[in-house]
Chemist: 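The structure under discussion is supplied below as structure tokens; questions concerning it will follow.
Every heavy atom of this structure was used, including side-chain atoms; hydrogens, water molecules and symmetry mates were not. Numbers here are sequence positions counted from 1.
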Amino acid sequence: MTGAASFLQAGACALVFGLAGAFLTPHAARAAEPLVERQGRPGEQDRRSVLLGHGINPTVSSLVAFLEGGFSQSAVARGLPTDPRLKSDILNVAIQHLGFEQATAAVPVLSQITEGTMPLGTQRIINRDVERLPVDQAGRLRQIYSGTVQMNAIVALGLIGDPAGAESVRAASRRAPSPGFTVEAAIALGLMNDRRALEELMTVLRSPESDALEYGFQGLFFLTGRNYGVNDQTSIARRRQVVDEAAEWYRSEGQFWVPDRTAILRRRAEGVGDLRPPLTTLRGALKASRRFQDYDLRYAARQRLAGLGPGDVADLRAIVQDPYEDNDVRQSAMQYYAALDPKEAKKDLKRIAKRDENPAVAARAEALLTDIDELLKAG
């Protein structure tokens, strides 16, 4: 597999390119910001390779012409490389390149893409990817490919930071097919030092049942530095609580918020901080014991938990019964609670299996009830 092909499989099809992989040259329309430049250098050769391999010169003017007109006739006549198979991926690479170049000259065409009124050349490339598919698949995939291109254009406009793209980004946010569009639009507005970014983002943070709540709170952290610790293990009760807390903060202090492009770039590059409790605590060990992607951490946590005894039952029971506790911590606590005091655990787990509003927690309780019955039968 070529370097260009592996690069595209690794990231060019991603919904948002964010700050992963970048390339800046002296051709940039304005001086590169140090942070963007540092983030931009990984992947430089891969982007160059894939663009040049498709007959596209990686300069701002050539990339803008490509988005407007599509592949050149000479490149098509010569034969386009088979990798990547989806040629709309090349659109995403070109857009990424323009974003990391901070190419203000590309703002008009990127704004057009963001608004959904694709230039003719961009439309042709997307159509090229779906024209041989059955009709029932073509429409759905065209929507997916177009959405990916639009999302990348939003992110690129943010990295460029030119306020001239703000209205297009806001329009895309208002017509957003998913909350992810709104979150990325809000971050892009923040990178343009536009105070309306927070107003856009808060529309995603109104419902604790939203599938995009974790993503929305990440956006809030990138914009403001406020980390509520929301993740995929946050309980429904805690989600309701943080939605209310964020809304109250927005009502009382949001009007005084001022975006800081440099800080937003830094926070997005560094990522959301890890708010896990220390491994030395019971909660920390319970959480780490379920981190299947980190074997060493999981092993250390389970070694720590192996020393639990009757004196820990009350603490385990309190965690099991706490609706605000993270789901993974509760599931782990249930397991040790059931092992140390199966008779009492059975009473609590029956109630949790029937009434808990967190499906994963209820399912785990149901499974443990079977284990407890077998344990009690064995004496």
Side-chain angles (χ1 to χ4, degrees), residues 207-211 213-215 217-218 221 227-246 271-379:
S207 171
E209 287 78 27
S210 170
D211 292 337
L213 198 66
E214 178 185 357
Y215 192 19
F217 273 101
Q218 287 178 3
F221 170 74
N227 189 353
Y228 287 85
V230 177
N231 55 54
D232 62 337
Q233 295 299 325
T234 302
S235 69
I236 293 175
R238 174 60 181 157
R239 286 171 177 251
R240 284 195 294 265
Q241 186 180 58
V242 295
V243 165
D244 290 342
E245 289 175 0
V272 180
D274 192 347
L275 297 182
R276 283 182 298 161
L279 186 62
T280 53
T281 66
L282 177 58
R283 288 185 65 252
L286 290 168
K287 179 174 277 290
S289 71
R290 295 181 62 85
R291 287 180 64 86
F292 299 102
Q293 71 274 32
D294 191 330
Y295 175 83
D296 291 336
L297 184 63
R298 188 174 80 250
Y299 178 80
R302 292 184 176 181
Q303 290 294 102
R304 153 87 168 81
L305 294 169
L308 293 178
D312 298 293
V313 168
D315 289 336
L316 289 169
R317 185 170 189 261
I319 291 172
V320 166
Q321 294 180 327
D322 185 358
Y324 294 94
E325 183 57 82
D326 286 351
N327 292 336
D328 55 350
V329 176
R330 289 182 70 197
Q331 291 176 73
S332 184
M334 285 191 289
Q335 176 181 335
Y336 288 94
Y337 179 30
L340 290 170
D341 193 349
K343 289 184 178 180
E344 288 302 313
K346 184 175 181 178
K347 299 174 186 177
D348 289 323
L349 296 185
K350 275 186 175 180
R351 186 185 67 258
I352 290 172
K354 291 181 179 179
R355 302 178 185 174
D356 203 273
E357 62 184 345
N358 301 283
V361 173
R364 182 59 178 155
E366 186 70 40
L368 282 170
L369 285 171
T370 301
D371 295 340
I372 290 173
D373 286 339
E374 293 178 0
L375 181 63
L376 292 174
K377 285 179 184 178

Chemist: Assess the residue pair Met334 and Asp348 against the criterion (side chain to side chain contact (heavy atoms under 4.5 Å, CB included)); give the C-alpha distance rounded to whole Å, side-chain angles, the decisive distance to 0.1 Å, and a yes or no.
Modeler: CA-CA 9 Å; Met334 285 191 289; Asp348 289 323; over 6 Å; no
Chemist: Residues in side-chain hydrogen bond (donor to acceptor under 3.5 Å, both in side chains) with Asp356, at least two apart?
Modeler: Arg330, Asn358
Chemist: Do Glu214 and Thr234 come within less than 4.5 Å of each other through their side chains, counting heavy atoms only?
Modeler: no
Chemist: Out of curiosity, Asp326 CG to Arg290 CZ, how far, rounded to the nearest 0.5 Å?
Modeler: 11.5 Å
Chemist: Apply side chain to side chain contact (heavy atoms under 4.5 Å, CB included) to Val242 and Glu245, showing your working.
Modeler: CA-CA 5 Å; Val242 295; Glu245 289 175 0; 4.1 Å; yes
Chemist: In a table with atom names and distances, give each donor-acceptor pair under 3.5 Å that connects a side chain of residues 365-372 to protein atoms at least two apart or in another chain.
Modeler:
none

Chemist: Using the test side chain to side chain contact (heavy atoms under 4.5 Å, CB included), find all partners of Glu344 that sit at least two apart in sequence or belong to another chain.
Modeler: Tyr337, Asp341, Lys347
Chemist: At what distance, to the nearest 0.5 angstrom, does CZ of Arg239 lie from CD of Glu357?
Modeler: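 Arg239 atom CZ to Glu357 atom CD measures 11.0 Å (nearest 0.5 Å).
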Chemist: Does the side chain of Val313 reach to within under 4.5 Å of the side chain of Leu308, using non-hydrogen atoms?
Modeler: no
Chemist: Which distance, rounded to the nearest 0.5 Å, do you find between the CD of Gln218 and the CG of Asn231?
Modeler: 9.5 Å
Chemist: Is the backbone N or O of Pro278 less than 3.5 Å from a side-chain atom of Thr281, with the two atoms forming a donor-acceptor pair by type?
Modeler: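 Answer holds: yes.
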Chemist: If you compare all heavy atoms of Ala246 against all heavy atoms of Phe217, which two are closest, and at what distance to 0.1 Å?
Modeler: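 Reported closest heavy-atom pair: CB-CE2, 3.9 Å.
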Chemist: Provide the closest heavy-atom pair for Pro323 versus Ser235 in the form atom of the first, atom of the second, distance.
Modeler: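 Answer, listing the atom of Pro323 first, then Ser235: O-OG, 2.7 Å.
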Chemist: Would you indicate whether the side-chain heavy atoms of Leu286 and Glu325 approach each other to under 4.5 Å?
Modeler: no
Chemist: Measure the CD-NZ distance between Gln331 and Lys287 for me, rounded to the nearest 0.5 Å.
Modeler: 10.0 Å
Chemist: Drop me the distance from Arg304's CZ to Thr280's OG1, to the nearest 0.5 angstrom.
Modeler: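 So the gap between those two atoms works out to 7.5 Å.
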Chemist: Taking all non-hydrogen atoms of both residues into account, name the closest pair between Leu349 and Ala338 and its distance.
Modeler: CD1-CB, 4.5 Å
Chemist: Within a reach of under 6.0 Å around CG of Asp232, are more than 12 heavy atoms found that belong to other residues, nucleotides or ligands?
Modeler: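 Count over threshold, so yes.
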Chemist: Which atom names give the shortest non-hydrogen contact between Leu279 and Ala301, and what distance separates them?
Modeler: CD1-CB, 3.7 Å
Chemist: For the side chain of Gln233 and the backbone of Asp328, is there at least one donor-acceptor N/O pair under 3.5 Å apart?
Modeler: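 Pair found, side chain donor or acceptor close to backbone of Asp328.
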Chemist: When rounded to the nearest 0.5 angstrom, what is the spacing between CD in Gln303 and OG in Ser289?
Modeler: 12.0 Å
